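All of these numbers come straight from a predicted model, not from anything done at the bench. Reminder, nothing fancy here: chain letters follow the sequence lines and each chain counts from 1.
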2 protein chains.
Amino acid sequence: MAKILRINTETKTFTFEETPESLAGLGGRALTSRMVLNEVPATCHPLGPANKLVIAPGLLSGSPAANSGRLSVGAKSPLTGGIKESNSGGFVSQKLARLQISAVVLEGKPDDDDFSMIVINKDEVEILPADEYVGLGNYETIEKLWAKYGKNTGVMSIGQAGEQRLKAASIQQADLKGTPGRAVGRGGLGAVMGSKKIKAIVVDDKGCERLSLADPEAFKVANKRWVEMLNAHPVTGQGLPGLGTAVLVNVINEAGALPTKNFRSGRFDHAQDISGEKMVENIEARGGIVSEGCHPGCIIKCSQVYNDKNGKQLTSGFEYETLWAFGAHTTIKDIDDIAMLDRLCDDFGLDTIETGVALGVAMEGGLVEWGDGPGSIALLKEVGKGSGNGKILGNGAVFVGDALGVDRVPVVKRQGLPAYDPRAVKGVGVTYATSPMGADHTAGYGVTANILKVGGDIDPLKKEGNVELSRNLQIATASIDAAGLCLFVAFAVLDNEDGVQTIVDMLNARYGLKLTPDDVVALGQSILNDEKEFNRRAGFTKLDDQLPEMFNGPFPPHNSEWDFSIEDLQETLNF
Amino acid sequence: MAKILRINTETKTFTFEETPESLAGLGGRALTSRMVLNEVPATCHPLGPANKLVIAPGLLSGSPAANSGRLSVGAKSPLTGGIKESNSGGFVSQKLARLQISAVVLEGKPDDDDFSMIVINKDEVEILPADEYVGLGNYETIEKLWAKYGKNTGVMSIGQAGEQRLKAASIQQADLKGTPGRAVGRGGLGAVMGSKKIKAIVVDDKGCERLSLADPEAFKVANKRWVEMLNAHPVTGQGLPGLGTAVLVNVINEAGALPTKNFRSGRFDHAQDISGEKMVENIEARGGIVSEGCHPGCIIKCSQVYNDKNGKQLTSGFEYETLWAFGAHTTIKDIDDIAMLDRLCDDFGLDTIETGVALGVAMEGGLVEWGDGPGSIALLKEVGKGSGNGKILGNGAVFVGDALGVDRVPVVKRQGLPAYDPRAVKGVGVTYATSPMGADHTAGYGVTANILKVGGDIDPLKKEGNVELSRNLQIATASIDAAGLCLFVAFAVLDNEDGVQTIVDMLNARYGLKLTPDDVVALGQSILNDEKEFNRRAGFTKLDDQLPEMFNGPFPPHNSEWDFSIEDLQETLNF
């Protein structure tokens, strides 16, 4: 049975412990949220010694299941003050699973300012001085670590933002090219890692045997069906591999839901300039890669490598939400400026959504002009320098709003709203308001039935059906995050009657269980209940499950309004 | 009957309205808190158009009652997110009362960035462009306004901090010398004034008749007893006039309760260097003023004028809490450096407590060295420049802690703790934890019975009796703030059996009422209930009535610990 690896960052010691019975059957987000609930005092300071950073592969990670390599990271969030789980691709999840580690837990806090790094392999765990990496961005950090430990190691690291413990700090993972393209982005988990003075974690599974499967034959059958399902669905089989998530720029703009100039309207005049089509045109002209997986075993391959005009890699993992945050939201229309902002975020270790939303608020407050790409790049570079303005931007949207006295700050639970206006995609709006994570599209992606007409057809502009839509998606998503599966499998699962059953079949064949789809629903609900309970203990009330007042009033072009009462929203996660 | 003057800052128009029956009998803090509760949506953005700044003289302001010239200002606080009342001396309270104005209410918010100013006199209300004052500090603003409107006008203004809408921004009032020595300090009310783009308010009562008293003879008798009581008490008659509030430096240090180096111990090796005795020595050697009132009608005269080595005025109203915040808390030991920091705060319009606490947190985070006076002055000057570091410091302790990733931040409800360690003066500690204002010594000054042995003798290091002490003081203080009386009258009131009755006699003689001391208690309780209700609506829970985790553990030299449970603390304002 997999073990829990606890690392005391104060004493620089570690212990392995048997995963207790009470945590059996939990993985990914289910495990991180349960452990944070059980072990972290909800009212502690997120950067103090009582917080813990819990890193957990999903239940299917390390197995041959397609798209099962997502890594969950949990803690009390420095950004929201509530519980946080954020997950990403990369190598670490699969490798931890093969090392038979169910979770790595960073505990305590050093008394001094010296950074360490952790190396985990089959034979040992080393906690080493990280002096030679301190102050480096994630690009250089990962490059050096791959040079030292090999290109087949998983690396997760923080950049200058995490070292400075900024609230928008991410943890970046090496992607397939060894660049820091995969982000444990939301909620400032990089600041928690920085508070514990851990610069990087290297995970090497060399010499490990393949994970044993309880029923290899049944697993093979289920995974075959799984692959077939993902390949056959138009979103996972065509849209995402073809244009990446950036396929959504034109789709969401057409729907009148692309939040433009800090959520003033749903159409951006220059959407075409920042679209997936434009991105692919540039990639093809400059010799990049249009379609690549974010982790070994991915068959959707919605990532890419985006080169500059000279054919040199500028960024990778160039997501729709990033194009939106630095594009329509700030009215920057040069996609190369946006790619540079994305690169800088990956390098400094910053969540692109939070940072982009914060940049729009900085424009609202006059710190940069609307649409000024070069000015924005210059401001973002201040984060790397550790200047006052850098610290302001790197601490996210609320912080920028407070610094500049701006009252138009699009956040829920102090986390910036992503790339879909809640008044024009109400299913996702309900998720923003009610998710224990704060505003997070991935927590219950109502864009499915609202816009893409996947898994149903629910009017995005009307109230009816959207509370239920968000509820069902939040439950399903929590389970998917527990399994370590990429969220995008949901498209195929929602449109195939045997979708959930196929996941259940894989879980049963992996562990020798007899789960049913009802158990998967129950797991999702229990995760959300854990998260709600943590937030309750941290002082959150139903008033925190609301959109801010800037979303009062009609939203053009459809002029739909936000019409959910407190009571409506409290029904969302009432189960 | 006095009227309410409402000023729409968006349309630059005003209306007078009769004070409604529902607000009759309320003044000062009773009126500001009731109006904020009734009129401001508790979940609104504090810098948005829905917030209101309510400015109200006390019930006895404008009358001949000694020490009755305190002005209350209320709003939703940008610092705490809860309700706020802050009060100060100066001229405005007496003059508004004589103008028969019970409250001035700033409402709405302009769409543009142009600042205005308001001039109120017997005949008219003018809302004028303030272009020539924008960007100026309070020293120059008040000097220019007195030059234009006369030295007998009341002026309240904001400096660069309020213009920038920083969370530690104060509103300063002209003191008797026309310097901005009187601060509506706590809770960022200057930022609310700044959000409404009001640079200054000038109040002129020229030509007003004296306030009519319902029973002049009874008033005279009561006020005579009142003056006698204040003059006879050792604190109000000798200690405060002799050394100002700075008398406390040596007293609190001796008690082991002077929080030193961000609340690490209760004794500061250099207390003598920043003491009231040292202050007076310098004042006398340099030709300042040892004892001066903060408003006309003050007979305690605990203010002063402190000159630099060249005999030029450096600051005035040099309080104990300021000497502590910039002194023992940051370990700066040069009293002239502290005086300069005080001056800069008055000039930029910053709360000295919040800014000093924030400076200590900045030292904790390495932005300035511990004890570095010149470095601290340089950093504080950044506020005037509007730089990134200036915005960080000017937004208070939580903001600095967040910017620098520091987890040792001494706040309750996001407001910095003042100059008495809660573990060594537990009566005031209970007040910090439970006051609806956030950490605020003036909300229930347990130093009385704990240290000064005024109004009782309750062990400052033990739990017993301190919840009751804080409760009784919070109720009494709310009533004193409603009356417009200086808080320091409490020393005399607590030690004289007829103390409360004398205040009641003055209120009855002023308004022709038949109040009893029980009514005064009921008024205090109703104020606190209003404030608790606003905070409840804003999302505060019992978890907000706690000290942060940095106060766990023993506090030297007495090694007393904070031993109040959540339930203990919830009893404090349970009535």
Decide if atom CD of A:E369 counts as having more than 12 heavy atoms of other residues, nucleotides or ligands within a radius under 6.0 Å.
-> no

Do side-chain atoms of B:E549 reach the backbone of A:H45 as a donor and acceptor pair under 3.5 angstrom?
-> yes

Under 4.5 Å heavy-atom distance to chain B, tell me which part of [X] shows up: side chain, backbone, both or neither.
X      : result
A:L393 : neither
A:P49  : both
A:A42  : neither
A:K109 : side chain

Results of ring-ring contact (aromatic ring centres under 6.0 Å, His included) for A:F564 - residues two or more places apart only | A:W562

Partner set under ring-ring contact (aromatic ring centres under 6.0 Å, His included) for B:F540, not counting sequence neighbours | none

Basic-acidic side-chain contact under 4.0 Å: B:D407, A:R165 | no

Residue selection (most heavy-atom pairs with chain B, distance under 4.5 Å) from A:D402, A:T541, A:L47 | A:D402

Among B:C44, B:G539, B:A403, residue most engaged with chain A (heavy-atom pairs, under 4.5 Å) | B:A403

Okay, B:R408 and chain A: the region with an atom under 4.5 Å from a heavy atom over there is neither

Do the non-hydrogen side-chain atoms of B:K391 and A:L404 ever get within less than 4.5 Å of each other?
-> yes

